[in-house]
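Scroll down for the structure; my scribbles are underneath it.
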Amino acid sequence: MYHPRELYPSLGTGYRLGPPQPGADSSFPPALAEGYRYPDLDTPKLDCFLSGIEAAPRTLAAPPPLPPLPPALGTEPPPPSAPEGLHSLPGVSLSLENRELWKEFNSVGTEMIITKAGRRMFPACRVSVTGLDPEARYLFLLDVVPVDGARYRWQGRRWEPSGKAEPRLPDRVYIHPDSPATGAHWMRQPVSFHRVKLTNSTLDPHGHLILHSMHKYQPRIHLVRAAQLCSQHWGGVASFRFPETTFISVTAYQNPRITQLKIAANPFAKGFRENGRNEVG
DNA sequence: TCAGCTACCACTTTTGAAATGA
DNA sequence: ATCATTTCAAAAGTGGTAGCTG
């Protein structure tokens, strides 16, 4: 048993993404790879946790793009039983563990607070995985991508598009702190991304995922078969997204029903429940 | 003027080191 | 001496809100 946090103390944060290096051994045609970014290994932070591991090559192979994103928040029919995704890892599947909670939020229109210092997502993305090679090593990654090219505005009762989206911000990816770990490790128990933090600070120095406020986003989870964090040759890639995890980023909650749901479901907000801070008497 | 953002507040859970016990 | 459990203070995570800003 190894202890990833000791080996890679910087793991669990997000890293700036950059384009594939020329000459990378991509398994996919350039056209399909377009739009997908990879950890930029030039960042000092990444170099930091790479020290001590083998001198790793600097480019990761490219998975193909994901299918089109779902329709407007809160208006879509119930999602299919399986997440949409693309595989070069045959037999591997992911399921959203806290799907019922996500569906509850999604039925109202999920909002996620973003702050300068970084705010966790609630609900968090928690998935269980099957079909991995128990002996092989894998990386688990999470990123958040814009759903469309619109900015949104809360109009008292619903979210409505309100102009063009802000220019896209630098892509970052969150590397699950257990990465890399064996398939047996990942399949042993659900994989939680509850430590992911979202920020609206474009100059964020902490590696949090940078988003624009009042924009609609979709989290994606990527599973990469690779012995090392920065292995030159990926043994395969599977990318997943769950339509019910779509959300709008805000700096303050707009929909009171979302506030109620957050208070009811998030243990840290217990003080705001009726039998908590607001209790009369 | 006002929508959106920030800092701070009170409250809660989580974390980890120290103390204690077997 | 070692390991497991308990205790407790500090850190971190919540939404509310007043005030600021462009």
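A note on names: the letters A, B, ... follow the listed sequences, proteins ahead of strands, and every chain is numbered from 1.
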message: Generate the contact string for nucleotides 1-7 of chain B. Rules: B means base contact, S means sugar-phosphate contact only, - means no protein heavy atom under 4.0 Å.
response: --SSBB-
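- Following rounding to the nearest Å, A/L261 (CG) and C/dG15 (C1') show an atom-to-atom distance of 14 Å.
- A pairwise comparison of heavy atoms in A/K116 and A/D204 identifies O-OD1, 4.4 Å as the closest pair.
- Side chain of A/Q254 to main chain of A/A252: a donor-acceptor pair is present (N/O by atom type, distance under 3.5 Å, no hydrogens or angles).
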Find every protein N or O atom lying less than 3.5 Å from an N or O atom of nucleotides 8-13 of chain C, and list the pairs.
from, atom 1, to, atom 2, distance (Å)
C/dG13, OP1, A/R120, NE, 3.4
C/dG13, OP1, A/K197, NZ, 3.2
C/dG13, OP2, A/K197, NZ, 2.8
C/dG13, N2, A/F268, O, 3.4

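- Spacing between atom CZ of A/R273 and atom C1' of C/dT14 amounts to 10 Å, rounded to whole angstrom units.
- Annotation: side chain of A/M214 is in contact with side chain of A/W159 (closest heavy-atom distance under 4.5 Å).
- Every residue two or more places apart in sequence or in another chain that forms a side-chain hydrogen bond (donor to acceptor under 3.5 Å, both in side chains) with A/T245 is listed here: A/Q218.
- At whole-Å resolution of the value, CZ in A/R195 and P in B/dT14 are 11 Å apart.
- One axis for each end of the helix from B/dC2-C/dG22 to B/dA22-C/dT2, each built from five base pairs, and the angle between them comes to 30° at 10° resolution.
- For residues 248-259 of chain A, no residue pair satisfies the salt bridge (Lys or Arg N to Asp or Glu O under 4.0 Å) rule, not counting sequence neighbours.
- If you measure from atom CD1 of A/I113 to atom C1' of C/dT14, you get 10 Å, rounded to the nearest angstrom.
- Within the 4.5 Å cutoff, the side chain of A/P146 has heavy atoms near those of the A/Y217 side chain.
- At a threshold of 4.5 Å between non-hydrogen side-chain atoms, the residues A/F247 and A/L211 count as touching.
- Residue contacts shown for A/F122 are absent, as no nucleic acid heavy atom lies under 4.0 Å away.
- Here the two rings, on A/W186 and A/F140, have centers that are under 6.0 Å apart.
- At B/dT13, one or more side-chain N or O atoms of A/K270 fall inside 4.0 Å of OP1 or OP2 (strictly under the cut-off).
- Contact between A/P180 and A/L139 at its shortest, heavy atoms only, is CB-CD2, 3.4 Å.
- Here the side chain of A/H185 pairs no donor or acceptor atom with the backbone of A/G183 at under 3.5 angstrom.
- In this structure A/R120 satisfies the side chain to side chain contact (heavy atoms under 4.5 Å, CB included) test together with A/H194, A/R195, A/K197, sequence neighbours excluded.
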